[in-house]
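Reminder, nothing fancy here: chain letters follow the sequence lines and each chain counts from 1.
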2 protein chains.
Amino acid sequence: MIDSDEIMTIRQMCEAYDVTPRTLRFYEAKELIFPVREGQKRLFTKRDRARLKLILRGKRFGFSLEEIRQLLELYHVGDQQQTQLQATYDVAQERLADMERQREELGEAIEDFKEQMDWLHKVIASQAEPRDAAE
Amino acid sequence: MIDSDEIMTIRQMCEAYDVTPRTLRFYEAKELIFPVREGQKRLFTKRDRARLKLILRGKRFGFSLEEIRQLLELYHVGDQQQTQLQATYDVAQERLADMERQREELGEAIEDFKEQMDWLHKVIASQAEPRDAAE
DNA sequence: GTAAAAGTTGACGTTAACGTAAAGGGGACG
DNA sequence: CGTCCCCTTTACGTTAACGTCAACTTTTAC
C-alpha cells in the first residue's frame, strides 16, 4: 500500500492521487494541507494524505475549497476547550444534516432520471417494432 | 402554485427561484433555457421552469453548466432517429451510473463523518465528568 | 404627457481554482 | 566539472459563472 509509507515527495503524491504539483502547493497555500519541510522541499505525511482524500471527495460533491477547509477543521479538534468542543460538535451536526439532505435530493434526482429513462425505453421499443408479427 | 401559470416574466422567475436576471440571461446564452419573446422581452414557460429546477439541482451536486446542458439534452429527445435514441439511452445509462456512484460515495462520506462525530462526542462526555461520583 | 418601473443589450469586472512559464537552488551521476 | 532532474518561488494567464454598470427602449402609473 502506498499509504503505509510514512512520508512521500510531491511527485509521489501527484502520481498516487492524480493531481499536479501546483494543486498541492495551492492547497497548502489555502491551509488545507500542511506538508513538513526537509530544507526547502515538501514532504507529505499520512495526515496530509488523509486530508487530500477528503478534499478530493468533497470536490466531487461540489463543495468549495473553503467549505472543505471548514469541514477539515471539524476533523482536527486539537487542544480545544470544553465549550469549543461542544461548538464544534454542534456545527458538525449541521454539516451532517446538510450532507444527508444532499443525499436525499440526489436520490430524488436519480428517481426522476430513471423515470425519464423508462419512458425513453418505451419510445425506443415501440418504434423498433411497429408491426406485431407480420412478415 | 406559481408553476401553474403558463408564462412568467423574468422578475417573477427571479423571485420564484431566487436567481438574478443576469443568471437567467446567462443560462439562455448558454442554451440551457429557451424563453420565448414578446417583442424584446423574455417570457418563461413551464418548460423553462422545469429546466431551471434541474439546473439548480445539478449545481447543488457540483455539476458544471456544460454537464448540466448535456443532461438536459437527454431529457429533451426531440425528433431523433432510432439509432440516435438508442445512443441517447446508452449515454443516459452512463450518467445514471455516475449519479449512483456519487450517491454511494456520499453515503460513505456520511458514515465516516458520523464516526468522527461519535468519537468527538465521547471526548466531550469524558471531559465533562472526569470524576465518578465523588463530591 | 411624463416620469418611474421593468426590461434589453453590450461590455468590463470579479472570484475560485488552478495552469503555465520564468528563473533559480541542490544533489546525483558520468 | 558539467549537466540533468527534481524541487522551489514568483508571477502572470485562464476558465467558469456570474456581478455590475452604462446607455437605451418599452410599459405602466398617475
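Evaluated for a side-chain contact (heavy atoms from CB on, under 4.5 Å) with A:Arg25, the options A:Thr20, A:Ile33, A:Ile10 yield exactly one hit, A:Ile10.
Taken residue by residue, residues 33-45 of chain B places heavy atoms nearer than 4.0 Å to DNA chain C at B:Arg37, B:Gln40, B:Lys41, B:Arg42.
In this structure, the side chain of B:Gln102 engages the main chain of B:Phe61 through a donor-acceptor pair within 3.5 Å.
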Sugar-phosphate or base contact per nucleotide [nucleotides 14-22 of chain D; S, B, -; heavy atom under 4.0 Å]:
---BBBB--

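To the nearest angstrom, C1' of C:dC18 lies 14 Å from CD1 of A:Ile10. For the pair A:Arg25 CZ and D:dC7 C1', the computed distance is 7 Å after rounding to whole Å. Going from atom CZ of A:Arg11 over to atom P of D:dT8 covers 9 Å, rounded to whole Å. We find that CD of A:Glu28 is positioned 13 Å from C1' of D:dC7, with the value rounded to whole Å.
For A:Arg69, the side chain to side chain contact (heavy atoms under 4.5 Å, CB included) partners are A:Leu32, A:Glu66, A:Glu73, not counting sequence neighbours.
Residue pairs meeting the salt bridge (charged side-chain N to carboxylate O under 4.0 Å, His left out) criterion with at least one partner in residues 81-91 of chain A, sequence neighbours excluded, do not occur; the list is empty. Residue pairs meeting the ring pair (Phe, Tyr, Trp, His ring centres under 6.0 Å) criterion with at least one partner in residues 72-128 of chain B, sequence neighbours excluded, are A:Tyr75-B:Phe113, A:Tyr89-B:His121, A:Phe113-B:Tyr75, A:His121-B:Tyr89.
Between B:Thr9 and C:dA6 there is no side-chain N or O to OP1 or OP2 distance below 4.0 Å.
Between B:Arg57 and A:Asp112 there is a salt bridge, since a side-chain N of the basic residue sits under 4.0 Å from a carboxylate O of the acidic one.
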Mind listing the side-chain donor-acceptor pairs of residues 34-44 of chain A below 3.5 Å, one per line with the distance, residues two or more places apart or on another chain?
residue, atom, partner, partner atom, Å
A:Arg37, NH1, A:Gln40, O, 3.1
A:Arg37, NH2, A:Glu28, OE1, 3.4
A:Arg37, NH2, A:Glu28, OE2, 3.1
A:Arg42, NE, A:Glu28, OE1, 2.5
A:Arg42, NH2, A:Glu28, OE1, 3.2

